[in-house]
Structure formats: C-alpha cells, structure tokens
Amino acid sequence: MTKGLSRSRLIKRASPIAGFVALASLIGLAGYAFNEAATARLLEAEARIDAKGWSEGLSHSIPDLSDIIAGMPPSSSTYKSLELVRRAGQVSAFRVYDARGQLRLMSDGRTARQGTRQLIEVVDPAFARALREEREDTRIRRGEDSRIQATAIVPVVGDEGIIGWIVADIDQAKRQALFSSMASQASAAIGFFLISACVLGFWYRNRERAIVEQKLEWLAQRDQLTGLINRSALLKLAERKISDAGQKLPKSALIICDVAPLTGMDSMLGDEARDQVAVATAQRLTSFANGRFEVARIGRLTFALWVDQATDPAEVLSLAKELTARLGEPTNLGDTICTLQATAGIALSSCDGDTPADLMRSAEIALHTAQEQGAPGYGFFNPEIAKDMRRQAAVQRAVAAAAANHDFHLNYQPVYNIRTGELNGFEALIRMDDPELGLVSPAEFIPVAEQMGLINGIGANCLEQACRTAATWPQHLVVAVNLSPSQFLSGSLINDVRNALEKARLPAYRLEVEITEGTLLNDSELVLGQLRMLRDMGVAVSLDDFGTGYSSLGYLWKFPFSKLKIDRSFVQALDETQTARSILRSIIKLGHGLGLTVTAEGIETQKQYTALRDLGCDLAQGYLLDRPASETDLAGIIMRNFAKGLTRRSRSTPAAGRSAA
Ligand code: C2E
Ligand code: MG
Ligand code: MG
C-alpha cells in the first residue's frame with residue numbers, strides 16, 4: 001500500500017519535471033530555428049540594400065567610369081578610390097562591364113579583353129541573364145560555410161541609355177556574425193526568461209498543491225462540526241502508537257459513547273439541535289479528557305475515547321461511569337434544556353481485539369449491548385454476544401441472498417389420523433440451505449426475515465409452492481402452510497392466498513394456514529378480519545404451538561379456528577410427568593368442546609403416540625411417524641401409506657408412518 005502510494009507520488013512529481021524538460025527543449029529548438037531564419041532574412045535584406053547602394057554610389061563617385069566602360073584603362077587615382085570604396089562597402093569583389101557585356105574591369109585591377117562572353121557565363125551567370133533581359137538584379141547566395149553573399153547587378157546609365165554594368169559582391173560575414181551574436185543573446189535572454197518563468201510557475205504550483213494537500217489531509221482527518229478527529233484518523237493514530245511501541249497492541253482501551261436525547265425529546269429535535277448537542281458533547285468530552293485521552297467523533301452523536309496505559313479494567317470501568325454521568329448532564333440548547341442519555345461500551349486491547357479496527361468493532365458491540373440492556377448504561381465487550389451478533393449478521397446475509405435468488409424450498413411433514421393411521425395431509429416447512437452456514441432452521445431465520453421486512457415475499461412464495469405441490473396429491477390430502485404475524489399486517493395476505501389457490505387450481509378446503517398466538521397479540525381486529533375472510537373462502541385455520549403462548553381462552557372462541565395443534569413440549573412431557581397427561585386431556589377436551597380438530601405435534605415415541613390416541617387426540621405429527629420430506633419423496637410416502645393404511649385398518653392397529661410401522 002505504502003509502496004504503491006510512494007510510487008504514484010513519484011510518478012506525480014516526475015511527470016511535471018518531464019513536461020518541463022520537454023517544454024524547455026521545445027522552446028530551445030523553436031528559438032534556434034527562429035534565430036536562424038530571422039538572421040538569414042535580415043542579412044538578405046541588408047545585403048540587397050548594400051549591394052545596390054554601393055553599385056549606384058560607384059557610378060557617381062568614379063568620374064572616369066564611362067571611359068573605363070569604353071575600354072580606357074583606369075587611372076591610378078581611380079584605382080585608389082575604387083579600393084577605398086570597395087573596403088568601405090564590404091564589397092568583396094566587383095566587375096565592370098560595358099553595355100554589351102564585355103568585361104572591362106575586375107576588382108583586382110585586371111581588365112579582360114577577350115573571351116568575355118564565356119567569362120560572363122562562368123563567373124556571372126546572373127549578370128548574363130540580367131544583360132539578356134536588360135534589367136537590374138540583386139542575387140543572394142549562401143556560401144559553403146553558410147556565409148551570406150549578395151551580388152548586385154546595376155546598370156550604368158548615360159545620356160543614351162545603358163552604357164555599362166556594375167556587378168558587386170557584398171560580403172556579409174561581419175554583419176552575419178554580429179546579427180547571429182545579437183540573435184543568440186536575445187534568444188538566450190528570452191530562453192532564460194521563459195525557463196525562469198517555467199521554473200517559478202512549477203515551484204509555485206507545487207507549493208500551492210502542497211498547501212492544498214495539507215489542508216485536504218487535515219480536513220480528511222477532522223470532523224467539520226466539532227473539530228475532533230474522525231474515525232479513520234483515530235484508527236491511524238492507534239496504528240501509529242502500536243508501531244511506535246513496536247509490539248502487538250499496548251495495553252489500551254477504547255471507550256465508545258453515544259448520547260441520545262431522552263425518549264420523547266428525540267422526535268422534537270431537528271437537525272440543527274442535534275448538531276448543537278454534538279458540539280456540546282464534543283466540548284464536554286474534550287474538557288473531560290483534558291489531554292489525557294484522544295477524543296474522536298465517529299458518528300452523528302457517537303464519540304470515541306482512546307485510553308493509553310489502561311492496565312486496570314476496573315479503572316477503565318469507573319472512567320466510563322464518570323463519562324456517562326458527565327455526558328448525561330442536561331444541555332442548554334438556546335431556549336430549551338435537553339436531557340441526554342449517555343451509554344458507553346468498552347473494549348480492552350488485552351482481550352478484545354488484535355488491531356485497532358477489531359477493537360473498534362468490539363467497543364461498538366459493547367455499546368450496542370449496553371444500549372439494549374439499559375442500566376447501568378456502560379459495560380465491557382462480551383464475546384458471547386458478539387458471536388450471536390456475528391451469527392445474526394451471517395443469517396441476515398443468507399436470507400437476503402436466498403430471497404433475491406428464490407433459494408428457499410419446502411419440505412413436507414406428513415400428518416396422520418391417530419386412530420385409523422391414514423394419511424391426512426402434510427405440513428409445509430420452509431428450508432434454507434446456505435453455502436456458508438449450511439441448513440439454517442426456520443425457527444432462526446424466519447424472525448430475521450421478519451425483521452428485514454422480507455417475510456411477505458417469502459410467505460407468498462411458500463403459499464404458491466405448497467398449493468402447486470398439493471394439487472398433485474390425491475384429493476383428500478390437505479396442505480398446511482405456516483404464516484408469520486407480519487403477513488397479516490402487510491395487507492396482501494388474502495390476495496396472496498387467493499392467488500396461490502387459483503394458480504394451482506387447488507380447492508380452498510385443501511389448504512390450511514397455521515398461526516401462533518403471537519399473531520393474535522398484534523392487532524386482533526385486523527387479524528380477526530382476515531381470518532374470517534380466509535374461513536369464508538373455505539381455508540381452514542389452525543392455532544399452532546398451542547400452550548406455549550398466553551393460551552388465552554378468549555382467542556379460542558373469538559377466532560374462527562378449525563384446528564388446535566398442541567405444542568410438542570407437552571407431548572415430550574408425557575414421558576416425564578403424570579401432570580402432562582392431565583393437561584393434555586384437558587386441552588383435547590377443550591378443543592373438542594369448541595368443535596376443533598386436535599393435532600399433537602412432535603410425537604417421537606410409541607408411548608407418546610398411544611397415550612395421545614387414548615386421550616382422544618385426532619391427528620398426529622412427529623418423527624415417530626415421519627420426518628419432514630423433500631417434494632420428490634412425497635409420491636413414495638403417499639403410495640406407501642395408501643397400502644399400509646389398508647393393512648393397518650384391517651388389523652386395527654395404531655401407528656402410521658415409516659417409523660411406527
Ligand atoms: P412448527 O410450525 O411448529 O413446525 C413444526 C416443527 O417441529 C418443524 O420444525 C418440524 O420439523 C419439527 N418437528 C416435527 N416433528 C418433530 C419431532 O418429532 N421432534 C422434534 N424435535 N421436532 C419435530 P422446523 O421445520 O424446524 O420449523 C420450525 C418452525 O419454523 C415451525 O414450527 C414454524 O413455526 C416455522 N416455520 C416453518 N416453516 C415456515 C414457513 O413456511 N413460514 C413460517 N412463517 N414459519 C415457518
Ligand atoms: Mg406449524
Ligand atoms: Mg408447531
């Protein structure tokens with residue numbers, strides 16, 4: 001991680017440098033090219049002017065020029081003036097021709113008399129052309145050493161027109177050197193300026209960036225409202241302490257505390273007031289800590305205290321006690337005084353976590369436990385509770401995944417007529433097989449699905465599946481489906497039942513729904529209305545697990561039940577006490593008195609079976625008879641019971657299923 005970071009930082013730092021070098025090189029190259037081109041242009045222009053000016057000046061300053069053109073040798077004074085004029089004008093060489101192009105004089109003083117035509121073609125091809133076209137001209141040449149030389153071809157005009165020509169070569173060497181050095185100096189100055197600007201800009205940008213980065217880092221570590229460090233900063237700080245100490249985790253404690261306005265006030269407090277509470281709590285905590293502990297804000301009204309040198313748990317506990325008392329003091333919020341309730345959870349590095357993050361989790365669990373337990377409002381982390389919470393979280397994940405993928409399936413447990421041993425029907429029991437947790441009991445995951453608000457969808461699916469399967473059985477067999485209390489609150493239950501029956505084309509009399517007393521506690525009027533609707537549709541309603549809840553007789557006559565299912569705890573008790581037998585007798589009598597069919601569930605022994613049959617129970621369900629079976633095994637069970645039922649009836653013996661046979 002650190003490696004990665006420093007590498008990316010290096011890349012970040014290196015890229016502007018590379019960019020800067022590239023830019024400087026580009027500027028250098030462009031400057032050089034510009035310098036060369038500009039110098040050449042300037043020299044060319046200057047040479048043109050010079051050559052032309054010199055030639056024209058010559059025709060005026062040499063009085064016997066027309067005589068020379070006419071073929072007379074120049075006088076010695078003319079020679080001297082020619083040399084002077086040549087030197088003054090940077091002229092490296094010149095030639096004087098007559099009007100027909102015959103060479104009359106060369107700069108070294110020679111005069112040519114013959115072979116001039118050829119000479120012109122060889123020495124002055126430009127002049128040859130100018131002569132043909134009868135026009136003056138200026139030519140620029142670049143020598144092999146890239147020196148710029150200009151040749152001016154200027155006519156000497158007499159009274160009758162052109163009487164001769166002067167061809168002058170102007171050497172630009174000195175000027176070229178001068179221009180080049182001036183241009184180089186200018187480029188160097190510009191380059192220096194540009195590079196300085198770049199360097200300055202780069203330095204300034206880096207400095208600004210460093211300041212912004214510092215600010216961002218500070219902000220990332222701080223809670224904006226209270227100025228306290230935040231969760232990640234606290235964890236980093238703890239990590240630093242560990243690495244400084246050079247050991248696993250020095251004896252430290254983490255106290256997480258939470259303040260909440262007292263019940264009733266909670267709903268009255270708006271966002272602004274909550275912020276005020278947070279600020280006030282942060283101030284109290286800071287003054288309480290007084291530099292002894294690190295204080296952080298890790299949630300809306302949740303704070304953390306990192307305590308170093310926490311060797312004595314009793315001391316930490318009394319610190320938490322003091323802390324909750326201090327934070328629980330009434331707080332002034334403008335006009336109102338807000339009474340707060342503070343709770344704290346403690347985790348100790350010696351036993352509750354190997355890393356600061358583990359410790360944080362443990363302290364949060366401890367806080368949660370303290371909140372659930374109420375008084376005294378603070379306490380240590382309890383690993384057992386943490387285990388339960390972890391399991392709960394895993395079950396939540398499993399339920400969410402199974403609900404999303406429709407991964408729940410049903411098993412069916414046969415229910416028999418206790419006297420005849422005939423198969424009466426099946427109870428549909430939901431199953432969840434999670435890849436991580438394995439088979440999870442519905443007694444565990446159904447409440448979780450209820451809490452997560454997923455039970456309605458799951459319940460509707462169970463109804464559909466169970467009805468579809470029951471439609472494949474012989475007409476006299478019924479299917480019982482368990483319903484959760486929340487399904488009655490959803491408002492969609494009646495529709496779900498109707499839908500399931502219609503889709504499967506199952507007559508309503510073949511469906512039973514099982515509810516527990518807990519369902520009746522919720523909102524009896526709401527439940528009662530739906531139970532009546534179900535009964536009116538022809539669906540039977542069973543009261544499941546009878547005897548475990550309040551078992552109020554009021555439920556039995558007020559609600560339209562058709563069946564009572566005695567909880568298996570009474571059946572199990574049959575093996576142990578005589579009283580159980582008396583209670584069971586009373587329950588069965590009561591059920592019959594109300595016109596209900598009575599089922600005993602959880603029958604595991606032949607003794608229990610015989611006793612219940614003798615007590616007049618109607619239906620039997622339990623491992624003794626059959627365990628819940630998968631959908632694919634049902635055809636076999638139905639066939640087997642059909643055949644065995646005939647045999648049993650002829651022998652008039654009890655027992656029904658596989659185990660009892
Ligand atoms: P329940 O409705 O009372 O179902 C009977 C439970 O007793 C079933 O457990 C069954 O497997 C078990 N059982 C049957 N015979 C015996 C026996 O002889 N000995 C023992 N020890 N147990 C026996 P299961 O399948 O684990 O279901 C537990 C509970 O989960 C059910 O109790 C029911 O309240 C709930 N449940 C099951 N399926 C659904 C469902 O589809 N929807 C809802 N809402 N709840 C369901
Ligand atoms: Mg049941
Ligand atoms: Mg039951």
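Since this is a predicted model, take the numbers as computed values, not measurements.
- Classification of the Trp165-Phe127 ring pair by plane angle, with boundaries at 30° and 60°, yields perpendicular.
- Ion pairing between Arg95 and Asp169 holds under the 4.0 Å rule for side-chain N and carboxylate O.
- A cation-pi arrangement is not found for Arg100 relative to Tyr97, the charged atom failing to lie both closer than 6.0 Å to the ring centre and inside a 45° cone about the ring normal.
- In this structure Glu322 satisfies the side-chain hydrogen bond (donor to acceptor under 3.5 Å, both in side chains) test with no other residue, sequence neighbours excluded.
- Distance check, rounded to the nearest 0.5 Å: CD1 of Ile69 to CG of Asp98 gives 8.0 Å.
- Between Gly353 and Leu359, the shortest heavy-atom contact is N-CD1, 3.8 Å.
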Would you mind writing out the side-chain donor-acceptor pairs for residues 278-286 within the sub-3.5 Å range, not counting sequence neighbours?
{"from": "Thr281", "atom 1": "OG1", "to": "Val277", "atom 2": "O", "distance (Å)": "2.7"}
{"from": "Arg284", "atom 1": "NH1", "to": "Leu327", "atom 2": "O", "distance (Å)": "3.4"}
{"from": "Arg284", "atom 1": "NH1", "to": "Glu329", "atom 2": "O", "distance (Å)": "2.8"}
{"from": "Arg284", "atom 1": "NH2", "to": "Glu329", "atom 2": "O", "distance (Å)": "3.4"}
{"from": "Arg284", "atom 1": "NH2", "to": "Pro330", "atom 2": "O", "distance (Å)": "2.9"}
{"from": "Thr286", "atom 1": "OG1", "to": "Ala282", "atom 2": "O", "distance (Å)": "2.6"}

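- The side-chain hydrogen bond (donor to acceptor under 3.5 Å, both in side chains) search around Glu134 returns none, not counting sequence neighbours.
- Evaluation of the side-chain contact (heavy atoms from CB on, under 4.5 Å) rule for Asp275 yields Leu225, Arg300 as partners, not counting sequence neighbours.
- Formation of a donor-acceptor pair under 3.5 Å by the Arg209 side chain with backbone atoms of Ile211 is not found in this model.
- Rounding to the nearest 0.5 angstrom, the gap separating the CG atom in Asp223 from the CD1 atom in Ile298 is 11.5 Å.
- Partners of Thr324 under the side-chain hydrogen bond (donor to acceptor under 3.5 Å, both in side chains) rule, at least two apart in sequence or in another chain, do not exist in this structure.
- Nearest heavy-atom pair across Ala347 and Ala363 is CB-N, 3.6 Å.
- When the side-chain hydrogen bond (donor to acceptor under 3.5 Å, both in side chains) test is applied to Asn230, the partners found at least two apart in sequence or on another chain are Ser232.
- Comment: Asp137 does not engage Arg129 in a salt bridge, judged by the lack of any side-chain N to carboxylate O separation of less than 4.0 angstrom.
- Ion pairing between a basic and an acidic side chain is recognised when a charged N comes within 4.0 Å of a carboxylate O; Glu364 and Arg231 show such pairing.
- For the atom pair CG of Asn206 and OH of Tyr204, the computed distance is 12.5 Å after rounding to the nearest 0.5 Å.
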